[in-house]
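The first residue of the sequence shown is numbered 1, and numbering continues consecutively from there.
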Amino acid sequence: MTSNSCASAVRKAVIPVAGLGTRFLPVTKAMPKEMLPVVDKPAIQYVVEEAVSVGLNDILMITGRNKRALEDHFDRVPALEATLEAKGDTVKLDSVQATSNLGDIHYVRQGDPKGLGHAVLRAKQHVGYEPFAVLLGDDLIDARDTLLSDMIEVQHKTGGSVIALIEVEPSQISAYGCADIEDIGEDGYVRIKQLVEKPSVDEAPSNLAVIGRYVLHPSVFDVLEQTEPGRGGEIQLTDALQVLAAGEGEGSGVYGVVFRGRRYDTGDKLSYLKACVQLACDSEDLGPGLREWLPGFADSLSK
């Protein structure tokens, strides 16, 4: 366990949203993937709400071209608010105003699409020398679970960086980054010995897959500045974390929190549709009717 010299509280969240969303074409030709609706909110709003719920009110989005809709969504719309107020539609008015008051949201463009590591590096000036969270929009974590707050606590204890892990079927591990871990006798987290990007089933050191939540020590920026392009010709965050995992001194050490809660994957069309159904079934207004309808619909598919 490393010394926690950088003991600042985690206050800032970085959300990379510069991707092109090619798996969702043609809908993402003119609309950011992050703005795709999941029930009654765009996917990105779930991510921002998760950050704000644990006190990360200072949020930096790493954007790209054709992402203005993201900024517009979290901005005020005085004309719409005035119309809703005039109609006396306080429910919709409150929902619109809540979106623009979620947190202090900043934006910086990634410029060249050089990978997740490059996107995180673009946050260096805004973050400064303090630990910070990175949240990827493809993974939605249920608001009833405490993954991010657990990771922040582990970062404070260890002084290193923390990644989120889930157990997957061994046959699925080639779709993820994979962690080789060491049990260090601590309740709630493990130490990362090695990270392997999308290994074959035979080469995977475990069935623990990395998902899109990180709480990082700011020393990751220095490593990323020295990281050469890796898989796909991009600067990989995984490569920088591997350096920190093997290093010594302040900021070194990478730890994993194994998450066994509710996660909704919106990374491709099928998983996105599943996430919409899962979250709709849990909603107060839509859930009862949808749960009543689903068994009959499923039964009709087999006829």
Side-chain angles (χ1 to χ4, degrees), residues 7-17 32 34-63 70-71 73-76 91-107 120 123 126-127 130-158 161-166 188-189 210-217 255-267 272 275-276 278-287:
S8 303
V10 180
R11 303 181 302 117
K12 298 177 181 178
V14 174
I15 305 178
V17 291
E34 297 82 9
M35 289 299 296
L36 290 173
V38 180
V39 190
D40 56 356
K41 294 185 290 189
I44 188 64
Q45 186 170 333
Y46 288 88
V47 180
V48 171
E49 288 174 346
E50 180 188 353
V52 171
S53 72
V54 296
L56 308 184
N57 298 302
D58 188 340
I59 296 166
L60 177 66
M61 291 194 189
I62 311 298
T63 71
L70 291 165
E71 298 184 35
H73 179 70
F74 293 103
D75 198 2
R76 291 283 309 278
V91 174
K92 290 180 182 176
L93 178 61
D94 289 345
S95 69
V96 168
Q97 291 178 332
T99 301
S100 57
N101 294 323
L102 274 173
D104 190 7
I105 303 179
H106 312 267
Y107 305 89
V120 171
H126 182 85
V127 168
E130 58 184 84
F132 64 103
V134 175
L135 296 84
L136 305 188
D138 286 349
D139 288 308
L140 307 185
I141 303 300
D142 196 286
R144 294 165 292 186
D145 291 313
T146 60
L147 173 61
L148 194 53
S149 58
D150 293 343
M151 294 174 68
I152 290 171
E153 182 179 348
V154 171
Q155 196 285 324
H156 185 75
K157 285 181 180 179
T158 63
S161 293
V162 185
I163 63 176
L165 304 170
I166 60 169
Y189 63 97
V210 181
I211 61 171
R213 295 296 181 272
Y214 309 82
V215 180
L216 303 177
H217 187 279
Y255 302 86
V257 172
V258 181
F259 180 57
R260 295 183 173 88
R262 291 154 287 204
R263 165 184 174 256
Y264 311 102
D265 181 4
T266 62
Y272 165 76
C276 290
Q278 288 173 295
L279 284 164
C281 283
D282 278 342
S283 71
E284 292 183 1
D285 54 345
L286 299 175

Decide yes or no on side-chain contact (heavy atoms from CB on, under 4.5 Å) for Lys41 and Thr99, but give the supporting numbers first. CA-CA 10 Å; Lys41 294 185 290 189; Thr99 301; over 6 Å; no
Do Val39 and Tyr46 pass the side-chain contact (heavy atoms from CB on, under 4.5 Å) test, and can you show the C-alpha distance, the side-chain angles, and the key distance before you say yes or no? CA-CA 11 Å; Val39 190; Tyr46 288 88; 4.1 Å; yes
Which is it for Ile15 and Leu60 under the side-chain contact (heavy atoms from CB on, under 4.5 Å) test, yes or no, and what are the steps along the way? CA-CA 6 Å; Ile15 305 178; Leu60 177 66; over 6 Å; no
Could you please spell out the steps behind the side-chain contact (heavy atoms from CB on, under 4.5 Å) verdict for Leu36 and Thr266? CA-CA 10 Å; Leu36 290 173; Thr266 62; over 6 Å; no
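To the nearest 0.5 angstrom, Arg76 atom CZ is 7.0 Å from Asn101 atom CG. Atoms CG and CG, from Leu136 and Leu140 in turn, are 11.0 Å apart once rounded to the nearest 0.5 Å. Taking CG from Asp40 and OG from Ser283, the interatomic distance works out to 7.5 Å, rounded to the nearest 0.5 Å. Here the straight-line distance linking atom CD1 of Ile141 with atom CZ of Phe259 works out to 4.5 Å at 0.5 Å rounding. For the atom pair Leu147 CG and Glu50 CD, the distance stands at 7.0 Å (nearest 0.5 Å). The distance from atom CD1 of Ile44 to atom CG of Leu135, rounded to the nearest 0.5 Å, is 9.0 Å.
For the pair Val162/Val257, a side-chain contact is recorded, criterion being any heavy-atom separation below 4.5 Å from C-beta on. Contact of the Asn57 side chain with the Asp104 side chain is not registered, since no non-hydrogen atoms from C-beta on lie closer than 4.5 Å. In this structure the side chain of Leu56 reaches within 4.5 angstrom of the side chain of Leu148, judged on heavy atoms.
Salt bridge present: Arg263 and Asp139 bring a charged side-chain N and a carboxylate O closer than 4.0 Å. Classification of Asp58 and Arg11 as a salt-bridged pair fails, no side-chain N sitting under 4.0 Å from a carboxylate O.
Not counting sequence neighbours, the partners of Asp138 by the salt bridge (charged side-chain N to carboxylate O under 4.0 Å, His left out) test are Arg23, Lys33. Listed by chain and residue number, nothing satisfies the side chain to side chain donor-acceptor pair (under 3.5 Å) test with Asp94 (two or more places apart in sequence, or in another chain). Looking at residues two or more places apart in sequence or on another chain, you find a side-chain contact (heavy atoms from CB on, under 4.5 Å) between Ser149 and Val54, Thr146.
For the residue pair Tyr214 and Val210, the shortest heavy atom distance occurs at OH-CG1, 3.9 Å. Contact record, Phe74 with Gln45: CZ-CA, 4.1 Å, taken as the closest heavy-atom pair. Nearest heavy atoms, Cys276 versus Pro37: SG-O, 3.8 Å. In terms of heavy atoms, Gly137 sits closest to Val47 at CA-CG2, 3.9 Å. Between Ile163 and Met151, the shortest heavy-atom distance links the atoms C-CE, 3.6 Å. The shortest heavy-atom contact between Arg262 and Asp145 is N-OD2, 2.8 Å.
The aromatic rings of His106 and His126 lie tilted to each other, with the angle between the two planes from 30° to 60°.
Side chain of Arg213 to backbone of Val134: no donor-acceptor contact under 3.5 angstrom is found. Checked by atom type and distance alone, the side chain of Asp75 never pairs as donor or acceptor with a backbone atom of Glu71 at under 3.5 Å. For Ser161 (side chain) and His217 (main-chain N/O), a donor-acceptor pair under 3.5 Å exists by modelled atom type. No donor-acceptor pair under 3.5 Å is formed between the side chain of Tyr189 and the backbone N or O of Thr158.
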